[in-house]
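This report concerns only the one structure given below.
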Amino acid sequence: MSKSQTVKVGNHEVEISSLDKVLFPDEGVTKGDVIEYYSDIADLALPYLEDRALTFKRYPDGLKGEGFYQKHAPDYAPDWIKRVDFDKREGGSMTQLSAHAEADLVWMANNAGILVIHAPLARTDKPDHPDVMVFDLDPSEDYSDTVRKVALELKGILEERGLKSFVKTTGSRGFHICVPLRRDHDFQEMRDESRRIAKELEEHCPDATTTQHRKNKRGGKIFIDTYRNAYGQTRVAPYSLRARDGAPIACPLDWDELTSSDIHPQQYTIKNIRQRLGQKTDPWADFLKTHNRLKLTG
DNA sequence: GTCCGAC
DNA sequence: GTCGGACAACGCAAT
DNA sequence: ATTGCG
Ligand SMILES: [Mn+2]
Ligand SMILES: [Mn+2]
């Protein structure tokens, strides 16, 4: 096997290397598999990455090696990958990468090893006006079916407010419930509303959930995390691979899939995602067309 | 995975 | 030439 | 201002 080769992806030549390097030893998933994965899902993932200042978590030596975050665009990234300048809250700015084409993801995956993509909730043209609100259900302990039930309860609360929501696995221990928004409100307003919604969920499910930030006050309950809903904060992007045993994926779901207790946050992996994509139409096909108007109830 | 500065 | 370190710093809420 | 948290 050759160590390095150049492939043409769309309009760009990308050098890829060490395709046989094993990144997930338990599953035998290689660097070539990771690159192929991001190439295959590019059309599905890119709409959630375009015009966003991306943060990467990278594991060049695989799951057993060291991982680190990268926000700044490396100088050696090809010039055809778009850079976006992101202003920090307290002055100064940072140049980060965004992704607009399959070749971008292929280059990023080759550069990263295991590539985990985190994206902010606002696009660069209106960085203080989020186009999505996220409820991150974080169990204190491992996943249990209670998380699924709580997610459905949250769906109902959102519906009562006229908000259409979408759910995805995180590839870890919970789900993300995502509400696409018209960009009418800034982060402060949106976050305040998300906290009111979280409080309502906590009242509906007082034994199962908590909004306590402090871990030692959570009492083993599911933390309803609204802290993603802030300027410059990120969440694991749809279709991102996770650096965990099993090579799981943060995978968009239909709400119907939460009616069965068979579902699990690590249900979909780099090994079985193709079968799913082959037999199921995009469960988030309406996400980009949905622009909920958030009503502030403060 | 790649860069860069130190040995 | 080879080796080892860097590769984020953010925003919040509570104290 | 510092800390816990993600
Ligand atoms: Mn989470
Ligand atoms: Mn969380």
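A, B, ... follow the sequence lines: proteins, then strands. Residue 1 opens every chain.
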Residues of residues 27-42 of chain A with a heavy atom under 4.0 Å from any atom of DNA chain B, listed by number, are A:K31
Under 4.0 Å, heavy atom to any atom of DNA chain B: which of residues 106-135 of chain A qualify?
A:N110, A:N111
For [X], give me all partners under side-chain hydrogen bond (donor to acceptor under 3.5 Å, both in side chains), at least two apart in sequence or on another chain.
X	result
A:T290	none
A:D40	A:R274
A:R235	none

Whichever of A:K21 and A:D75 has its nearest DNA chain B nucleotide further upstream toward 5':
A:K21
Do nucleotides 10-15 of chain C as a string where each nucleotide becomes B, S or -: B if the base has a protein heavy atom under 4.0 Å, S if just the sugar-phosphate does, - if no protein is that close.
BSSSSS
Gap between atoms [atom1] and [atom2], on [X] and [N] respectively (whole Å):
X	N	atom1	atom2	value
A:L54	C:dC7	CG	C1'	16 Å
A:Q96	C:dC7	CD	C1'	13 Å
A:Q70	C:dA9	CD	C1'	14 Å

Please find the earliest and latest nucleotides of DNA chain B, in the 5' to 3' direction, that have an atom within less than 4.0 Å of any heavy atom of chain A.
B:dG1 to B:dC3
Would you say that A:L253 contacts A:R276 through its side chain, given a criterion of any heavy-atom pair below 4.5 Å between the two side chains?
yes
I'd like to check A:S98 versus A:D51 (side-chain heavy atoms, cut-off strictly below 4.5 Å). Are they in contact?
no
P gap between C:dA8 and D:dG6, integer Å:
22 Å
Pairwise C1' distance for B:dT2 and C:dA9, with rounding to whole Å
22 Å
Measure across A:V134 and A:C178 and return the closest heavy-atom pair with its distance rounded to 0.1 Å.
CG2-SG, 4.2 Å
Exceeds 12 heavy-atom contacts within 6.0 angstrom, atom CD of A:Q275
no
Dump the intermediate steps for side-chain contact (heavy atoms from CB on, under 4.5 Å) on A:N111 and A:R58, then the final yes or no.
CA-CA 9 Å; A:N111 181 237; A:R58 300 171 45 195; 3.4 Å; yes
Sequence neighbours left out, what passes side-chain contact (heavy atoms from CB on, under 4.5 Å) with A:S172? Give chain and number order.
A:T170, A:R242, A:R244
All side-chain contact (heavy atoms from CB on, under 4.5 Å) counterparts of A:R195, not counting sequence neighbours:
A:R191, A:T226
When you measure from the side chain of A:T169 to the backbone N and O of A:I249, does any donor-acceptor pair fall under 3.5 Å?
yes
Are A:Y239 and A:Y268, when compared by the centres of their aromatic rings, separated by less than 6.0 Å?
no
Can you see whether A:T209 engages A:E202 through a side-chain donor-acceptor pair at a distance of less than 3.5 angstrom?
no
Taking only the side-chain nitrogens and oxygens of A:H72, find out if one of them lies under 4.0 Å from OP1 or OP2 of C:dA6.
no
Along DNA chain D, 5' to 3', what are the outermost nucleotides having an atom less than 4.0 Å from a heavy atom of chain A?
D:dG4 to D:dG6
Among A:K126, A:R123, A:R182, A:R183, the one residue meeting salt bridge (charged side-chain N to carboxylate O under 4.0 Å, His left out) with A:D131:
A:R123
Contacts of A:K280 meeting salt bridge (Lys or Arg N to Asp or Glu O under 4.0 Å) (sequence neighbours excluded), chain-then-number -> A:D254
Just to verify, what does A:K295 make a salt bridge (Lys or Arg N to Asp or Glu O under 4.0 Å) with, not counting sequence neighbours?
none
